[in-house]
S.K.: 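Pasting in a structure now, in structure tokens, and then I'll have a few things to ask.
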Amino acid sequence: MAAQFDNSYARLGDDYSSPVQPTPTREPRWMLFNDALADTIHWPAAWRCTDTTLEQLAGNGLLAGSEPISTVYAGHQFGSYNPQLGDGRAILLGEWLSETGQRLDIQLKGAGPTPFSRGGDGRSPVGPVVREFLVSEAMHALGVPTTRALAAVATGEPVYRTGMEPGAVLTRVASSHLRIGTVQYFAMTQGGEGLAALIDYVVDRHFAQPWALAEDAGGTATNKATVLLAEVGKKLAVLVAHWQSLGFIHGVLNTDNMLLCGETVDYGPCAFIDGHNPDRVFSAIDVQGRYAYRNQPGIVHWNLSVLAQCLLPLIHDEQEQAVAMAQQLIDAFPQQYADAYSGFMATKFGFDGLRPDDKALVDGFFDVLGSDHLDFTLAFRWLTELAQDSVDQSPIADLFTPSAALKDWLPQWQARRAGTSEEAIARMASHNPVVIPRNHHIARAIARADAEDYSVMAAYYSRWQHPHQWLAGDENLAAAPTSDEIVHKTFCGT
Ligand code: AMP
Ligand code: MG
């Protein structure tokens, strides 16, 4: 089968989306094109770094087969319900069917106003495009489910935020952009058939297999709404455990930023922790610390309960029954999260599996990291080098100095890991990164891109494709930021 567009969401009808055209731009210029992703999704060679494609990805003309729409959704933003959001700065060109039948949304972010643009112009400055490209692609290389970045183009036109900034458009790829907020919108405005049609669509697109299995086995999933809730819960539990294991802070975990397919989306004020602090918040708008590092699992659980509430009328005709069934699925989340987190911790500490009495050891390590503000990423890589008996030969010894408390903690870990397998050590080395997209690097790539130099962005992108390897000359890239370099706040920049 030849790869092509096939736009099933547009066919759901105009309750779900509105046709929209990208707004032309004056003088587009390539920032970066992701050939590796293009290969994976069987993107045609003629649609890569050509002049025509540059124009199309900047909003001047359309790729063959695309039917651009903007989709409607709602969402809880910082806990308050907003009944209508929608793609205000994103335009869905269509769904790309790869040669293997994989269906992916191809979206332009920053290509001009849509019917859902609120108080904005639908444009994006260069900065957020650079951040999203770099961080989402690094997350993918780290093994975290995420939306991807196919291309970034500068528009050659200014956008006005706090001042004038150069504009850019990101081409984003996702299994879909359907979110908890999409379900919220249809639950609140339509209920009944309008909601049921959406749930049918989502389950058929993302969870057809569990649904079929459950039907065959006369399984516990009694209908598509319960399949959806159960499967989304499982995916999100693993996703947030993965974030925690890397010290990744999403920054805006509103329900409209939680994809039902379980991919990380919306790299606005996100950041990786440098010196550990479980209360760390980067987002300039998160004044209450709602989305602090330590709160992320609880917030995702809360977001799942919002999804459950929307699905109640489809779960069972009797409200009491529906609530009981939904509650059971929501209550499964903490254990699913704990299991996933234990799995990641076993890997990061070089164990074959985590035992119940390991909790004190793991918690003790994070307590030391937090109280001594040790670098999250380097601390785990230092342990990895110790486990491999390579710490003396590795540049890590110059980059990371264990505190007295960490040296006190160490013997317990050494005793515990005695006798663990070679595989466990190998897994440890392939899960504790050497290099991650640190905030000060991103800031540097953005500053250069603002001055129309995209070479730093390209270099970081390439390097972060292999995060678990030491490469010659990595000292600067692997090091924690100096006190001058620390980034204290991040901004969505929309
Ligand atoms: P976000 O912070 O990306 O989750 O966006 C929240 C809402 O604001 C979404 O409905 C966006 O579509 C909308 N939005 C964000 N930035 C812009 C912009 N530059 N122009 C129009 N709408 C925007
Ligand atoms: Mg969003």
Side-chain angles (χ1 to χ4, degrees), residues 16-18 20-23 25 59 68-92 105 107-133 135-136 146-147 149 155 157-170 172-174 176-186 188-189 249-271 281-287 290-291 299-300 303 306 489-494:
Y16 297 83
S17 61
S18 309
V20 64
Q21 294 295 318
T23 304
T25 49
I69 54 173
S70 50
T71 74
V72 63
Y73 52 85
H76 278 86
Q77 299 178 301
F78 291 91
S80 309
Y81 187 62
N82 188 332
Q84 200 198 301
L85 293 160
D87 294 327
R89 106 198 101 158
I91 294 176
L92 179 63
D105 276 8
Q107 199 193 54
L108 296 185
K109 199 173 167 188
T114 77
F116 305 107
S117 297
R118 285 176 170 245
D121 46 17
R123 290 289 182 200
S124 176
V126 157
V129 168
V130 171
R131 171 176 278 113
E132 174 152 354
F133 196 116
V135 184
S136 67
T146 177
T147 62
T155 60
E157 290 177 13
V159 293
Y160 299 90
R161 294 296 178 262
T162 45
M164 216 169 74
E165 296 180 48
V169 179
L170 181 81
R172 179 159 72 180
V173 180
S176 88
H177 288 89
L178 300 166
R179 44 198 100 212
I180 292 181
T182 316
V183 178
Q184 282 181 279
Y185 178 82
F186 288 96
M188 300 302 263
T189 58
I249 302 180
H250 180 284
V252 231
L253 286 177
N254 294 337
T255 55
D256 54 302
N257 289 336
M258 299 245 81
L259 294 187
L260 300 168
C261 65
E263 291 171 3
T264 312
V265 74
D266 225 321
Y267 291 87
C270 63
V281 178
F282 287 96
S283 170
I285 54 172
D286 190 2
V287 283
R290 178 182 172 91
Y291 300 138
I299 286 290
V300 173
N303 289 344
V306 169
K489 287 264 172 276
T490 50
F491 299 85
C492 319
T494 57

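One-based numbering, in listed order, for ligands and for the atoms of each. Keep in mind it's a predicted model, so treat the numbers as computed, not measured.
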S.K.: Given side chains that start at C-beta, do those of Pro113 and Thr23 come closer than 4.5 Å, heavy atoms only?
M.R.: yes
S.K.: Arg179: heavy atom below 4.0 Å from ligand 1, yes or no?
M.R.: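 No, Arg179 has no heavy atom closer than 4.0 Å to ligand 1.
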S.K.: Say whether Tyr291 and Asn254, considering side chains only, have a donor N or O and an acceptor N or O under 3.5 Å apart.
M.R.: yes
S.K.: For Arg123, counting its heavy atoms only, list the atoms of ligand 1 lying under 4.0 Å from any of them.
M.R.: 19 (N)
S.K.: Check ligand 1 against Gly120 and write out every atom of the ligand that is under 4.0 Å from a heavy-atom position of the residue.
M.R.: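 Selected atoms, number and element: 20 (N), 21 (C).
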S.K.: Nearest 0.5 Å, please: how far is NZ in Lys489 from OG in Ser283?
M.R.: 8.0 Å
S.K.: For Leu85, is at least one N or O under 3.5 Å away from an N or O on ligand 1?
M.R.: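 Between Leu85 and ligand 1 (N or O atoms, distance only) the closest approach is not under 3.5 Å.
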S.K.: Is there a side-chain contact between Val183 and Met188 (heavy atoms, below 4.5 Å)?
M.R.: no
S.K.: Side-chain contact test, heavy atoms from C-beta onward, threshold under 4.5 Å: evaluate it for Gln77 versus Asp256 and give yes or no.
M.R.: yes
S.K.: Quick one: closest heavy-atom pair of Ala168 and Val129, and the distance?
M.R.: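 In terms of heavy atoms, the two residues are closest at CB-CG2, 3.8 Å.
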S.K.: Is it the side chain (CB and beyond), the backbone, both or neither of Gln84 that lies under 4.0 Å from ligand 1, heavy atoms counted?
M.R.: neither
S.K.: Under 4.0 Å from a heavy atom of Arg118: give me the atoms of ligand 1 that qualify, with their elements.
M.R.: 21 (C), 22 (N)
S.K.: Against heavy atoms of Asn257, which atoms of ligand 1 measure under 4.0 Å?
M.R.: 4 (O)
S.K.: Would Gly86 count as a contact of ligand 1 if the rule is a heavy atom under 4.0 Å away?
M.R.: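 Per 4.0 Å heavy-atom rule, Gly86 contacts ligand 1.
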S.K.: Output, in order, the C-alpha distance, side-chain angles, deciding distance and verdict of salt bridge (charged side-chain N to carboxylate O under 4.0 Å, His left out) for Asp87 and Arg118.
M.R.: CA-CA 10 Å; Asp87 294 327; Arg118 285 176 170 245; over 6 Å; no
S.K.: Using heavy atoms and a threshold below 4.0 Å, how should the contact between Tyr73 and ligand 1 be classified: side chain, backbone, both, or neither?
M.R.: side chain
S.K.: What number of protein N, O or S atoms occur at distances under 2.8 Å from the Mg ion (ligand 2)?
M.R.: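 If we list every protein N, O or S atom nearer than 2.8 Å to the Mg ion (ligand 2), we get 2.
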S.K.: So Val252 and Arg290, do their side chains get closer than 4.5 Å, heavy atoms only?
M.R.: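 No, side chains not in contact.
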S.K.: I need the atoms of ligand 1 closer than 4.0 Å to a non-hydrogen atom of Arg161, numbered in the order shown.
M.R.: 19 (N)
S.K.: To the nearest 0.5 angstrom, please state how far the NE2 atom of His76 sits from the CD1 atom of Ile180.
M.R.: 11.0 Å
S.K.: Counting each atom of ligand 1 from 1 as listed, which ones have a heavy atom of Asp256 under 4.0 Å away?
M.R.: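 Every atom of ligand 1 under 4.0 Å from some heavy atom of Asp256: 4 (O).
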S.K.: What atoms of ligand 1 come closer than 4.0 angstrom to any heavy atom of Ser117?
M.R.: 21 (C), 22 (N)
S.K.: Excluding sequence neighbours, so at least two apart, what forms ring pair (Phe, Tyr, Trp, His ring centres under 6.0 Å) with Tyr73?
M.R.: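 Not a single residue meets the ring pair (Phe, Tyr, Trp, His ring centres under 6.0 Å) criterion with Tyr73.
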S.K.: Any idea which atoms of ligand 1 are less than 4.0 Å away from a heavy-atom of Asp87?
M.R.: 12 (O)
S.K.: Looking only at non-hydrogen atoms, find the nearest pair between Thr255 and Arg179 and report the distance.
M.R.: O-CB, 4.3 Å
S.K.: If you take all heavy atoms of Ala271 and Phe282, which pair is closest and at what distance?
M.R.: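 Smallest interatomic distance, heavy atoms only, reads CB-CD1, 3.3 Å.
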S.K.: Are Val252 and ligand 1 in contact, using a heavy-atom cut-off of under 4.0 Å?
M.R.: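 No, Val252 has no heavy atoms under 4.0 Å from ligand 1.
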S.K.: Would Tyr267 and Phe133 count as a ring pair (Phe, Tyr, Trp, His ring centres under 6.0 Å) here? Give the steps.
M.R.: CA-CA 9 Å; Tyr267 291 87; Phe133 196 116; over 10 Å; no
